[in-house]
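First the proteins, then the strands, lettered A, B, ... as listed; each starts at 1.
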Protein chains: 2
Amino acid sequence: MPHARSTTKPASGAGEALCCGPLTEVSLSEVESEGLATVLAALGDPVRLRLLSIVAAQGEVCSCNLEGPLGKSQPTISHHTRLLADAGLIVGEKRGRWTWWRVVPERLLALRAALGGA
Amino acid sequence: MPHARSTTKPASGAGEALCCGPLTEVSLSEVESEGLATVLAALGDPVRLRLLSIVAAQGEVCSCNLEGPLGKSQPTISHHTRLLADAGLIVGEKRGRWTWWRVVPERLLALRAALGGA
DNA sequence: CTGATAGATTGATGACTGTCAATATGGCAA
DNA sequence: TTGCCATATTGACAGTCATCAATCTATCAG
């Protein structure tokens, strides 16, 4: 394995994604990385991040109050809420004609844990 | 604004992306969400997550030791290390013919902080 | 200098994603 | 029941992304 000036090649080391050890301490399996990547990808969009922060800040928000602040069409909002909900980051409750969204704090906690202590 | 059975519409409330308040406490601006989304998107891919976890687990890894475990071609590995480096999550140091990668713990810390305390 | 090797870059390609218009669904009001 | 309204779903389209083969660059060994 390569040290500063070696000649040989360096030696090689080695359920829901969120049930895995910290990223920085344990090498992720393919399955674990798939699940964790799904959740992180859900957060990897500026519109969804702002959507989530609005929901979090207000505790509970109905979809009709997201179109304005986010400046997106109704189907687009619905698309993003769906992705966040699929990732387990928010949940929606239907009350009458409206759907109320709120965050799932445990999910964010689990995500933070999965990102490791470092 | 809609309470359980109202008829009117609910009222609307109100250096790097990682320098923003916790997601769950402050509504993100468009600029903040862009930067934060970039970092999260970098992590939103299973190959990059495993790459990062391998680097983190070993402390320092040369690119040539990533192709095997990840099962991807050399250009693909280079592509992923570049994205992670652009996101500030890893840094590469060239020593001789090899490039050695290691994680940037502060960046992960900042990310955890940006995800909020909840 | 020459040949070999690690890694980056380029180009092409198929897959996925964000977006919106149009439409469907299901509750509420009159 | 009839019509309206909040969301969800569908379909289409443009832009982005992951991937690899081919190529380029730079370093080391002889």
In short, the helix from C/dC1-D/dG30 to C/dA30-D/dT1 is bent end to end, axes from five pairs each side, to 10°, by 30°
Can you measure A/E67 atom CD to C/dT19 atom C1' for me and round it to whole angstrom units? 13 Å
For nucleotides 21-26 of chain C, tabulate all protein N/O to nucleotide N/O atom pairs closer than 3.5 Å, reporting atom names and distance.
none

Report which part of the nucleic acid B/L70 touches: base, sugar-phosphate, or nothing (heavy-atom distance under 4.0 Å, all strands). nothing
Please state how far atom CH2 in B/W98 lies from atom P in D/dA26, giving the value in whole angstrom units. 18 Å
Whole-Å distance between C/dG18 P and A/K72 NZ? 11 Å
A/D86 CG to C/dT17 P, in whole Å, measures 12 Å
Among B/L111, B/V39, B/L40, side-chain contact (heavy atoms from CB on, under 4.5 Å) partner for A/L40: B/L40
Which whole-number value in Å describes the distance from B/R95 CZ to C/dT5 C1'? 18 Å
So with a 6.0 Å cut-off around CD of B/E30, is the heavy-atom count from everything else above 12? no
How would you label the contact of B/S78 with the nucleic acid (heavy atoms, under 4.0 Å): base, sugar-phosphate, or nothing? base
Which whole-number value in Å describes the distance from A/L49 CG to C/dG18 C1'? 15 Å
Hey, could you give me the CD1/CG distance between B/I54 and A/L28, rounded to the nearest 0.5 Å? 9.5 Å
Can you figure out which of C/dA8, D/dA8, C/dT19 approaches the side chain of A/T76 most closely? C/dT19
Output for pair (A/S63 OG, A/R97 CZ), nearest 0.5 Å, gives 14.5 Å
NA contact type, B/L66, heavy-atom cut-off 4.0 Å: base, sugar-phosphate, or nothing? nothing
Of the non-hydrogen atoms in B/R107 and B/G88, which two are nearest, and what is the gap between them? CG-O, 3.1 Å
I need the CD-P distance between B/E93 and D/dA26, as an integer number of Å. 19 Å
With rounding to the nearest 0.5 Å, note down the distance linking CG in A/L43 to CG in A/L83. 11.0 Å
Counting the atoms with a prime plus P, OP1 and OP2 as sugar-phosphate, which does B/H79 contact under 4.0 Å by heavy atoms, base, sugar-phosphate, or nothing? base
Taking every non-hydrogen atom, the tightest pair across B/A42 and B/A87: CB-CB, 3.7 Å
A/I77 CD1 to D/dT7 C1': how many Å, rounded? 12 Å
All N/O pairs under 3.5 Å across the protein-nucleotides 12-16 of chain D interface:
none

Give one of base, sugar-phosphate or nothing for A/T99, where a contact means two heavy atoms less than 4.0 Å apart. sugar-phosphate
Nearest heavy atoms of B/V55 and B/V61, plus distance in Å: CA-CG2, 3.7 Å
